[in-house]
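Heads up: the structure comes next, in C-alpha cells.
Letters go in sequence order (proteins before strands), and every chain restarts at 1.
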Amino acid sequence: MTSKFVTWLDERLGLQGIYDTVFDRKVPKVNWWFTLGSASLFLFVMQVVTGIFLSVYYVPSPDHAYDSIQYIMNGVTFGWLIRGIHHWGATLMVIFVFIHMLRTFYYAAYKFPRELTWVTGVVLLLATLGMGFTGYLLPWNQKAYWATTVGTEIPGTIPVIGPFITSILRGGSELSAVTLARFYSVHIWFLPLVILLVIGIHMYLIIRLGISNIPGKDD
Amino acid sequence: MNEEQKKGILEKYKQAKQKGVKFYPDIIYKDILISFALFIVLVIMAIFIGVVNEPKANPSDTAYVPRPEWYFLFLFEMLKYFPGEIEWIGTAIIPGLAVLALFLLPFFDRNPNRHWSKRKFAITFMTVIVLGMVGLTILAAATTPEQEEEGVIANTMSEQIVVGEELYSIHCVECHGPEGEGGEIKGVEGLEGVILDPINTEDVMYPFTDETLYNIIDMGQPNLGMPPFSTQFGGELSPAEIEYLVTFMRYTWDDRAELPEEPVAAAAIPTLAPNEVPSYEVHVAPIIKRYCISCHRPGKKNNNYTMGSYEEVMTSGDNAPNVIPGDMTSILLRTLHREEMENIGPMPPSKALKPELIAIFERWVAGGALNTAAEAAAATAAGAGGTTVPITATLTITGTIVPGSTITPTIPLATSEATQQPTP
Ligand code: HEM
C-alpha cells in the first residue's frame, strides 16, 4: 500500500530523481568545518519560524512597538522563549555565517569552479548583517533608538550623496514612525526574501558542483 | 586559468569523490547533529541569559550613550581613527572597498593552488584583517562607557501601576491631592489658591483617552498653570514614566477598568496591632511617600525639610529637629494637627490626614520614632506600645476599591489603547 502510494507520487513528482541528486550523491571525505553552512541554514530557518511567531503580536509603530514586546515577554505563553531564541539566534547566525565564510576562504573553496557560490555567499553575509541592523530597531527601546540614530548617521558623512542616503534610510530627517515602518518591512519582507532566493541559488550550486575536498598538498 | 588546469582540477575532484562518502547518511548526520546542538544552545541562552529589558525609546534623552549591536562595534571603533574631515574614508571608502574585494575575490585571486602552503599571502592577509576586527571589537567593548542607570522598567501591568502610583505621589499630589480629588492648592509656588477640579472622576476618565492624558502630562496645560512634565519640555519624566502614570490613573480611577490585586496590596499600609510599636520603615514611610514627598523633596518650597529617608525625616529642615522621639509636641505632630506656628503651616496644607494616619504618626513618635522593623519589634516585646486601640488604616487608592473586594465592571477599555495590551 505504502509503496504503491510512493510509486504513484514518484511517477508524478520524480522523487527518486530528487533523492538521487540531493541525498544519494558521492562527496569527498570532509571534516566538521563543513557543517557550518548547514548550521547557518538551520539558524536562518529558526529565525524565520520564531520571527513569524513574533510578528503575530509585534506592532510596528512607535506608540505600540515597545508595549507589544513587553506583552510578548510577559503576556504571551512562551513569548519570552520565542523572543529569546530569535534574539540569540541572530547573534549566532552572524557568527556562524562569518566563520563559514572564513572556512571557505581558508580551504580556498571559492576557486574554480565555485566562484559563484562565493559571490552568492557574500550577498548572504551582507543580507544577514542587514537583518541584524534592521531588527535591532524594532523593539523601539533606548538602545535600539540611539544605535539606529547613529547607524543611519554614518552614511550621511559620505560626500555629496550621504545626506540623501540617510534621509532614505530614515524616511525623513529624524527617526520616526516612517523609519520604523521601513525597517520593519525590510526586516520581515525584503531581506528574508533575498536571503531565501540566494540560499536557493547557493544550494543549487553546491549540489551541482559538489562540496570541495579538503585541499591536499598537491592541490 | 587555462582549459588544461580546469580539466586537471575537475579530474582530481572526481577522484576525491570516488574515495569519499555518500551525502546521505554520512554528511547529513553531522549537519543534523550540529543543528540539534545549536537548538539546545539557543534554548539554553533564551532561558538562562534571556533578553535584557531596556527602557522605552526616549528621543529627548540625548545623554544616552549609543551602542550598536556587538558585531558592528569594530566598524564603530574604526571610525575613531578617521575624525572630522576625513571621516568619510572610514564610513564609505574602507567598507566599500572591503565589500567590493569580497565580491571579486574569486576573480582577482588568480593563484590556482588550494593548499595553504601555496597561498601564504592570502591566508596571512585575511588572518590579519580578522584579528584586526576582533581587536577593534574588544577595544570598543572595553572603552564604551557604562550606561547610566535608567529609571525603573516596569514589565507587567501591575508593576506599571505601582510605579505610576509612586510617580503620582511624587509629582502630582502637591496639586491634585493624594487621590486626585483636587481642591484648593496650598503651598505650591505660583499656584497658591488655585482651585482644581478632581481628576479621579468619570468626567475626566470617560472623555479623556490614554493618549490625551499622556499629552496633558507630557506637554502640560500652560494656560491652566500645569507645567510640562516630560524631559523633552523641561520636566523630569521619561515617556515610559508618563505612560506608567497614565496606566495608574486609568486603572485606579476609571470604574470601567479592573485594578489588579498586586498594586492594591502594594499601596496598602500594614496594619498596626494594639500595643505594637510602629516603625518608620514599615508604617511611616508609606504614608510619607503618599502624602508628603510631593513637596518634601529637594527643589520644592518646604523649609528645607526633605523626607526621602529616615535620616532626612529626623534631622533635615530649617526648624530641625521636626521629630523628637517620645516628644508629643514635636513639630511634625503639631503640623499634622493643623496648628499654626511661625513660618510653619498645617500639614498637609490643603487637607488634614485621616485621623487613623495621624494616630500612626503619634504612636510612632511616642514609641521612640524607631527606624527599622526589627527595632520596633524589640520595643513592642518590651511593652512600649502604649495604646490598646488597634489601628487598621488601609490606604485605599480611591474610595471605591478596597483590597479583597471584587470589582466586576468589564466593559472593554476602548479608550486606552496606549497602555492596553493586545489580547490574544
Ligand atoms: C545565510 C548564509 C549562508 C548559508 C545558509 C550557507 C549555506 C551553505 C551550505 C549549506 C554549504 C555547503 C556545506 C558547507 O560548506 O558548509 C555552503 C557552501 C559554501 N558557501 Fe555558504 N552559506 C551562507 C553564507 C556564505 C557566505 C557568507 C559565503 C562566503 C562569502 C559562502 C560561501 C560558500 C562557498 C564558497 C561554499 C562552497 C564550499 C565548498 O564547496 O567547499 N556562504 N554554504
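Interface remark: of the candidates Trp70(B), Tyr24(B), Phe76(B), Phe103(B), Phe103(B) forms the most heavy-atom pairs closer than 4.5 Å to chain A. The greatest number of non-hydrogen atom pairs below 4.5 Å with chain A, out of Ser117(B), Pro106(B), Gly20(B), is found for Pro106(B). Annotation: maximal heavy-atom pairing with chain A below 4.5 Å, among Ala92(B), Ser35(B), Pro112(B), occurs at Ser35(B). Taking chain B as the reference chain and counting heavy-atom pairs below 4.5 Å, the highest number among Trp88(A), Tyr107(A), Phe34(A), Phe133(A) is found for Trp88(A). Your options are Ile85(A), Val76(A), Leu43(A), Ile69(A), and the one with the most heavy-atom pairs under 4.5 Å with chain B is Ile85(A). When Gln18(B), Arg119(B), Lys19(B), Lys118(B) are compared by the number of non-hydrogen pairs under 4.5 Å with chain A, Arg119(B) comes out ahead. Ranking Glu87(B), Gln15(B), Lys22(B) against chain A, the residue ahead of the rest is Lys22(B), based on heavy-atom pairs under 4.5 Å. Interface check for chain B: of the options Met46(A), Arg25(A), Glu174(A), Arg114(A), the most heavy-atom pairs under 4.5 Å are formed by Arg25(A). Interface remark: of the candidates Phe72(B), Trp88(B), Phe23(B), Phe23(B) forms the most heavy-atom pairs closer than 4.5 Å to chain A. Counting heavy-atom pairs closer than 4.5 Å to chain B, the top-ranked of the candidates Glu115(A), His86(A), His87(A), Lys111(A) is Lys111(A). Chain B forms the most heavy-atom pairs under 4.5 Å with one residue out of Gly151(A), Ser212(A), Pro113(A), Pro215(A), and that residue is Pro215(A). Note on Gly37(A), Ala39(A), Pro139(A): by heavy-atom pairs under 4.5 Å with chain B, the leading option is Ala39(A).
Atom-to-atom distance recorded for Ile129(B):CD1 and Phe105(A):CZ is 8.5 Å, nearest 0.5 angstrom. Distance CG/Asp210(B) to CG/Asp63(A): 11.5 Å, rounded to 0.5 Å. Here CD of Gln142(A) is found 5.0 Å from CG of Asn58(B). Values are rounded to the nearest 0.5 Å. Within the model, atoms NZ of Lys143(A) and CD of Glu54(B) stand 5.0 Å from one another, a figure rounded to the nearest 0.5 Å. Rounding to the nearest 0.5 Å gives a distance of 10.0 Å between CD of Gln5(B) and CZ of Phe112(A).
Contact of Ile32(B) with chain A is not made at all, since no heavy-atom distance falls under 4.5 Å. For a residue to count as touching a neighbouring chain, one of its non-hydrogen atoms must lie under 4.5 Å from one of that chain's; by this rule Val150(A) touches chain B with the side chain only. Interface remark: Leu41(A) contributes no atoms to any contact with chain B (heavy atom separation under 4.5 Å). Contacts between Trp118(A) and chain B at a heavy-atom distance below 4.5 Å involve the side chain alone, from C-beta outward. Of the two parts of Ala37(B), neither the backbone nor the side chain holds a non-hydrogen atom closer than 4.5 Å to a non-hydrogen atom of chain A. At a 4.5 Å heavy-atom cutoff, Pro239(B) makes no contact with chain A through either its backbone or its side chain. Residue contact with chain A, scored on non-hydrogen atoms closer than 4.5 Å, involves the side chain of Asn53(B) exclusively. Contacts of Ile9(B) with chain A are made by side-chain atoms alone, with heavy-atom separations under 4.5 Å and no backbone atom involved. Proximity to chain B involves both the backbone and the side chain of Tyr110(A), based on heavy atoms less than 4.5 angstrom apart. Contacts of Ile123(B) with chain A are made by both backbone and side-chain atoms, with heavy-atom separations under 4.5 Å. Both the backbone and the side chain of Val123(A) come within less than 4.5 Å of a heavy atom of chain B. Proximity to chain A is limited to the side chain of Leu33(B), based on heavy atoms less than 4.5 angstrom apart. With a 4.5 angstrom heavy-atom cutoff, Lys12(B) touches chain A only via side-chain atoms. Both the backbone and the side chain of Leu102(B) come within contact range of chain A, each with at least one heavy atom under 4.5 Å from a heavy atom of that chain. With a 4.5 angstrom heavy-atom cutoff, Leu10(B) touches chain A only via side-chain atoms. For Leu126(A), the part lying under 4.5 angstrom from a heavy atom of chain B is the side chain only. Looking at Ser238(B), neither its backbone nor its side chain comes within 4.5 Å of chain A, counting heavy atoms on both sides. Contact annotation for Val52(B): neither backbone nor side-chain heavy atoms come within less than 4.5 Å of a heavy atom of chain A.
The nearest pair of heavy atoms linking Glu69(B) to Tyr136(A) is OE1-CE1, 3.5 Å. Between Pro68(B) and Ala147(A), the closest heavy-atom pair is CA-CB, 3.9 Å. Considering every non-hydrogen atom in both Val51(B) and Gly84(A), the closest pair reads CG2-CA, 3.8 Å.
More than 12 heavy atoms of other residues, nucleotides or ligands sit less than 6.0 Å from atom OH of Tyr71(B). Annotation: Trp33(A), atom CH2; neighbour count of heavy atoms from other residues, nucleotides and ligands within 6.0 Å does not exceed 12.
At least one side-chain heavy atom of Phe107(B) sits under 4.5 Å from a side-chain heavy atom of Val119(A). Counting heavy atoms from C-beta on, the side chains of Val21(B) and Lys29(A) come closer than 4.5 Å. The side-chain heavy atoms of Ile34(B) and Leu36(A), taken from C-beta on, include no pair separated by under 4.5 Å. Contact of the Lys56(B) side chain with the Tyr145(A) side chain is not registered, since no non-hydrogen atoms from C-beta on lie closer than 4.5 Å.
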### Message
I'd like to know whether Ile27(B) forms a side chain to side chain contact (heavy atoms under 4.5 Å, CB included) with Val30(A), so could you lay out the CA-CA distance, the side-chain angles of the two residues, the decisive distance to 0.1 Å, and finally the verdict.
### Response
CA-CA 8 Å; Ile27(B) 299 285; Val30(A) 291; 3.5 Å; yes

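With hydrogens and angles disregarded, a donor-acceptor distance shorter than 3.5 Å links the side chain of Tyr13(B) to the backbone of Ile211(A). Checked by atom type and distance alone, the side chain of Arg114(B) pairs as donor or acceptor with a backbone atom of Asn213(A) at under 3.5 Å.
For the pair Lys30(B) and Trp32(A), the distance from NZ or CZ to the six-membered ring centre is under 6.0 Å and the angle to the ring normal is within 45 degrees.
Within residues 89-102 of chain A, the residues having any heavy atom under 4.5 Å from a heavy atom of chain B are, by residue number, Gly89(A), Thr91(A), Leu92(A), Val94(A), Ile95(A), Phe96(A), Phe98(A), Met101(A), Leu102(A). Proximity to chain B at a heavy-atom threshold of 4.5 Å picks out Thr157(A), Ile158(A), Pro159(A) from residues 156-172 of chain A, in numerical order.
Under the 30°/60° scheme for interplanar angles, the aromatic rings of Phe42(A) and Phe39(B) are found to stand perpendicular.
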